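These numbers come from a predicted model, not from an experiment.
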There are 2 protein chains.
Amino acid sequence: MKIMEMKYEGKAKKIFSTDVDDCSVMYFKDDATAFDGKKKGTIEEKGVFNNKIASEIFKYLEAGGIKTHFIERLSDREMAVKELEIIMVEVIVRNVAAGSFSKRMGIEEGTALKQTIVELSYKSDPLGDPMINDDYVFALGLATPEELTFMKEETLKVNKLMSDFFDARGIFLVDFKLEFGRHKGEILLGDEFTPDGCRLWDKKTGEKLDKDRFRRDLGNIEESYRDVMNRVLE
Amino acid sequence: MKIMEMKYEGKAKKIFSTDVDDCSVMYFKDDATAFDGKKKGTIEEKGVFNNKIASEIFKYLEAGGIKTHFIERLSDREMAVKELEIIMVEVIVRNVAAGSFSKRMGIEEGTALKQTIVELSYKSDPLGDPMINDDYVFALGLATPEELTFMKEETLKVNKLMSDFFDARGIFLVDFKLEFGRHKGEILLGDEFTPDGCRLWDKKTGEKLDKDRFRRDLGNIEESYRDVMNRVLE
């Protein structure tokens with residue numbers, strides 16, 4: 001397989017087209033950003049860790065009945081994925097209060113919620129991924145009601161699967177965001193599932209094992225990503 | 001009826017208890033604030049205009065089948081209302097793009113939407129009334145699913161009634177927010193419907209006839225509120 005031109009460069013990844021039909025290559029960078037790009041940095045080896053983590057999780061999710069864009073891990077930093085038409089809606093799950101939710105609502109991190117929250121944001125770096133709701137999705141034509149229903153149902157399935165997955169590895173899955181894309185009449189889970197896009201707290205110590213270590217300058221960033229990788233690959 | 005102590009002072013109104021059972025007095029101030037209280041000012045006679053506007057609209061909505069907290073207008077600035085247990089969820093309707101929606105989504109004011117948007121915000125001055133969704137309402141115990149469904153249905157009925165009402169008066173109803181409260185096992189429309197809490201554009205000239213004149217220093221603020229009052233009382 002030959003890598004052709006770069007189709008997209010995001011904050012943590014690049015996407016390249018290839019000479020193989022319906023196959024792109026996702027390249028995992030070490031770059032890290034936070035607060036809508038206001039904070040920038042590098043987490044050494046993050047790309048390597050995240051590629052391994054995401055690959056393992058995609059395989060696990062596929063085995064659990066979730067259709068994803070994952071084809072295979074190609075190298076340390078490269079993953080082969082199907083070509084998606086990205087849906088510009090991020091789906092976020094919150095199992096307990098944390099992060100932007102806590103800040104916006106004035107509710108202390110770690111506070112229990114009466115139920116799991118599913119929320120949506122508009123995928124837009126310049127606008128800072130603003131929160132939206134179902135009506136926004138339809139009013140702006142971002143997805144159809146059937147598509148959105150499917151995405152939310154898949155997200156709740158992923159929450160169950162991933163909560164169990166991390167629980168068995170001594171980690172509490174606090175929250176995460178997913179992205180989906182259209183592919184030959186189906187909707188597939190796209191993007192990645194890594195400590196860049198979720199919150200993971202050690203069940204025993206409460207220690208944060210995710211990008212909050214970078215956002216909040218908590219130190220041991222690389223070590224935490226490596227720890228998550230090791231537990232994911234257990 | 002005797003006015004007793006002040007129960008609440010908001011940005012534009014005060015609420016007093018009275019010696020009459022289940023009767024409060026809502027007092028309309030001339031104070032105006034915008035941008036979460038960062039901008040402060042006075043709109044002369046606004047309290048008088050808004051009391052007249054809200055009273056007329058409550059009567060119209062009651063006639064249209066909407067149950068409200070309105071009892072009667074008592075004086076220039078005072079309205080008698082039933083005592084509500086306020087639900088901390090504001091319900092917003094957007095018929096076209098404007099205001100915070102336009103800013104947050106990067107969509108020009110006046111842009112048509114494929115459908116009307118209903119959105120929710122958490123009623124909290126210190127937090128700046130952050131946007132929430134249905135799951136937030138349940139996760140935080142702000143209202144039950146039955147209550148929220150009822151509030152949304154009532155809001156869409158109000159949108160139809162008020163769009164027709166203003167349309168007949170040469171005004172386009174762009175967006176508005178409503179507040180509800182619990183009262184003897186029912187949910188009643190509370191607060192007010194005035195140019196402080198909605199956007200009204202003259203159908204012929206496109207001129208703004210609402211609080212945006214204050215927010216954006218467009219001048220003729222008092223004249224616009226008086227114009228709306230006169231058309232409402234037509």
Legend entry - Neighbourhood of chain B inside residues 106-131 of chain A, taking heavy atoms under 4.5 Å as contact: A:Gly106, A:Ile107, A:Leu113, A:Lys114, A:Gln115, A:Thr116, A:Ile117, A:Val118, A:Glu119, A:Tyr122, A:Leu127, A:Pro130, A:Met131
Legend entry - Positions in residues 193-215 of chain A that reach chain B, provided some heavy atom is under 4.5 Å away: none
Legend entry - Side-chain touch B:Met105/A:Ile132, heavy atoms, less than 4.5 angstrom: yes
Inset, instruction - Could you tell me the separation between the OH atom of B:Tyr136 and the CG atom of A:Asn133, rounded to the nearest 0.5 Å? - result: 11.5 Å
Inset, instruction - Answer yes or no: are there more than 12 heavy-atom neighbours, outside B:Lys103 itself, under 6.0 Å from its atom NZ? - result: no
Legend entry - Residues from residues 148-171 of chain A approaching chain B under 4.5 Å (heavy atoms): none
Legend entry - Over 12 foreign heavy atoms within 6.0 Å of NZ, A:Lys14: yes
Inset, instruction - If a pair satisfies side chain to side chain donor-acceptor pair (under 3.5 Å) and one of its residues is in residues 33-42 of chain A, list it, with sequence neighbours excluded. - result: A:Lys39-A:Asp217
